[in-house]
2 protein chains.
Amino acid sequence: MPVTVLLVDDEPLVRAGLRAVLETQPDITVVGEAADGASVIPLVRQLRPDVVAMDVRMPLMDGIEATRAVLRTVEQPPKIIVVTTFENDEYVYDALRAGADGFLLKRARPAEIVHAVRLVAEGESLLFPATVRKLAAEYGDRPGNAQARAVLERARLTEREAEVLRLMTRGLSNGEIAVRLTVGTETVKSHVSAVLAKLGARDRTQAVITAFESGFVTPS
Amino acid sequence: MPVTVLLVDDEPLVRAGLRAVLETQPDITVVGEAADGASVIPLVRQLRPDVVAMDVRMPLMDGIEATRAVLRTVEQPPKIIVVTTFENDEYVYDALRAGADGFLLKRARPAEIVHAVRLVAEGESLLFPATVRKLAAEYGDRPGNAQARAVLERARLTEREAEVLRLMTRGLSNGEIAVRLTVGTETVKSHVSAVLAKLGARDRTQAVITAFESGFVTPS
DNA sequence: GAGCGTCTCCCCCGCCCGGGGGAGGCCGGT
DNA sequence: ACCGGCCTCCCCCGGGCGGGGGAGACGCTC
């Protein structure tokens, strides 16, 4: 079954470009377009696309708002890929925290764009850092994986949060971390929640995976 | 504060050896000895040791039974290290599945024995594969980490279980795995439980950590 | 002094998770 | 024909987890 995609971007040029790129693939179909965030929800309800490629910076309602709105109001929401021009777009991270499943640079090569759509459609990377990682791999990044690491750096974990994440990668529960740091369990929960939000992880398992894949901790 | 240890082994020679090795450390105190599994529970209640070094093969009640009994009946149970003569002792894995925190070969060097006791005392490796990994590192194992990997091989995951574990390392929830494999959520839960038991993991996070550290999956 | 970020703790709440059982069907080996 | 392993699904149940709020204390900068 083909992957259906809804394009959301205020620039017709970008939409045309994405459409052209994606429609080269027999298993990907662009089922609709929107020029602003406000029109997204009705279109999603009507077209029920598998994936929404969403620009972050748009008039009326930006990509962050729109992402939040879609995830909040639509049952079985589509996967959402945030599209951006700038590598370190602050809004992208906000969108990812709002629940987007991946992000894409507008200057990405066609193969990368196609790849990203397929990945999130498969649900293979509900965990967005995996997308980052795979894209980075296609970029031919050096083994250290600078781009994935950048997500963590960008996430700007505080010292305490980093320490909590480290203990999470040791398999400790919130209670055990609390004992280790001699603080309350509620405090640990706060830090864990902050870590999850900053990494775009849904639960501690995804956070630990991100920690491993980004090189925050090493298996050996 | 010093680490207190209870020794459980039917051979006086082994007990004496362990005592000699451990008492060389100023921060480790052997607080008691038992010659069979049946005497362990009252002694644990009385002495409240941090760590129990438990032989697997013993008369009356073996180490597996004793481990289970201690964990079931004692509040705030001690950490339990399973001691064995043979590298691939089937019973060891049973004991680990019963809830033991680590294992130790009798022919291990003194430094390794001390190390193992300290590790579990710190709770640093509630997750036993971490212990395996660290011991393997001391053994000067090659990077591939044969010994840790052996745990997984030994665990003998079925095809289905391995597939479920792989999806767990992608950050998927039980429900998502169920959809992916087109089976019921209850089925996935069964497989996950089996994986946790075989890996000696307490939750999916620990299982994923084990998967990464054993090379079952690779971060890159 | 006002703001901001960080760390700490608290509440409520729903849900997923994992443990404990059991059970049926399939297949392959003895 | 029997048994054992595997896969599948089911029940109940408790607890940890994570979201959503809020709040006070400290130290920093402006």
Side-chain angles (χ1 to χ4, degrees), chain A residues 67-68 71-72 90 93 96-99 126-127 154-169 171-210, chain B residues 67-68 71-73 75-77 90 93-94 96-99 126-127 155-169 171-210:
Chain A
T67 297
R68 231 188 300 270
L71 295 179
R72 198 178 48 227
E90 201 63 46
Y93 297 95
L96 292 170
R97 283 166 213 171
L126 296 168
L127 184 65
R154 203 86 199 85
R156 282 276 163 246
L157 298 183
T158 67
E159 263 187 57
R160 209 52 162 170
E161 288 160 359
E163 175 67 6
V164 167
L165 176 56
R166 204 190 62 80
L167 293 174
M168 286 164 71
T169 67
L172 303 194
S173 67
N174 289 341
E176 289 166 345
I177 293 173
V179 169
R180 188 71 65 86
L181 299 181
T182 54
V183 296
T185 307
E186 297 300 325
T187 302
V188 175
K189 286 180 62 176
S190 291
H191 292 315
V192 170
S193 289
V195 169
L196 298 186
K198 288 185 177 178
L199 298 190
R202 185 181 50 197
D203 49 49
R204 66 200 302 107
T205 306
Q206 289 192 353
V208 166
I209 292 168
T210 302
Chain B
T67 296
R68 231 188 299 270
L71 295 179
R72 198 177 49 228
T73 63
E75 282 97 4
Q76 302 180 330
E90 201 63 47
Y93 297 95
D94 291 338
L96 291 170
R97 282 166 213 171
L126 297 167
L127 183 63
R156 281 280 163 242
L157 298 183
T158 67
E159 262 188 57
R160 209 52 163 168
E161 287 160 359
E163 176 66 4
V164 167
L165 176 55
R166 204 190 63 79
L167 292 174
M168 286 165 69
T169 67
L172 302 195
S173 67
N174 289 340
E176 288 166 346
I177 294 172
V179 170
R180 189 70 66 84
L181 300 180
T182 55
V183 297
T185 307
E186 297 300 325
T187 303
V188 175
K189 286 180 60 178
S190 291
H191 292 314
V192 170
S193 290
V195 169
L196 298 186
K198 288 185 177 179
L199 299 189
R202 185 180 51 194
D203 49 49
R204 66 201 300 106
T205 305
Q206 290 192 352
V208 166
I209 293 169
T210 301

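By convention in this document, chain letters (A, B, ...) are assigned in the order of the sequence lines, proteins followed by strands, and residues within each chain are numbered from 1.
Between B/Asn174 atom CG and C/dG19 atom C1' the separation is 13 Å, expressed in whole Å. Distance B/Glu159 CD to D/dG5 P: 17 Å, rounded to the nearest Å. Rounded to whole Å, the distance from CD on B/Glu163 to P on D/dT8 is 11 Å. Nucleotide C/dG22 holds its P atom 16 Å from the CD atom of B/Glu186, rounded to whole Å. The interatomic distance linking B/Arg160 (CZ) with D/dC9 (P) rounds to 9 Å, in whole Å. As a whole-Å value, the separation of B/His191 NE2 from D/dG5 C1' is 13 Å. As rounded to whole Å, 15 Å separates atom C1' of D/dC17 from atom CG of A/Leu172.
Both A/Arg204 and B/Thr182 lie near DNA chain D, and the one whose nearest nucleotide falls closer to the 5' end is B/Thr182. DNA chain D is contacted by both B/Asp203 and B/Ser190; B/Ser190 maps to the nucleotide lying nearer its 5′ end (nearest heavy atom per residue).
No N or O donor and acceptor, one from the side chain of B/Ser173 and one from the base of C/dC17, sit under 3.5 Å apart.
Using a 4.0 Å heavy-atom cutoff across all strands shown, A/Ser193 reaches sugar-phosphate atoms only and no base atom. B/Thr185 comes within 4.0 angstrom of no nucleic acid atom, judged by non-hydrogen atoms across all strands.
The phosphate of C/dG18 has neither OP1 nor OP2 within less than 4.0 Å of any side-chain N or O from B/Arg202. Between C/dC7 and A/Thr187, no contact under 4.0 Å exists linking OP1 or OP2 to a side-chain N or O.
With contacts defined as side-chain heavy-atom distances shorter than 4.5 Å, the pair A/Asp203/A/Gln206 qualifies. With contacts defined as side-chain heavy-atom distances shorter than 4.5 Å, the pair B/Leu167/B/Leu181 qualifies.
The side-chain contact (heavy atoms from CB on, under 4.5 Å) test with A/Val164 is passed by exactly one of A/Arg166, A/Met168, A/Glu161: A/Met168.
With respect to B/Glu163 and B/Arg160, no salt bridge is recorded, no charged nitrogen being found less than 4.0 Å from a carboxylate O.
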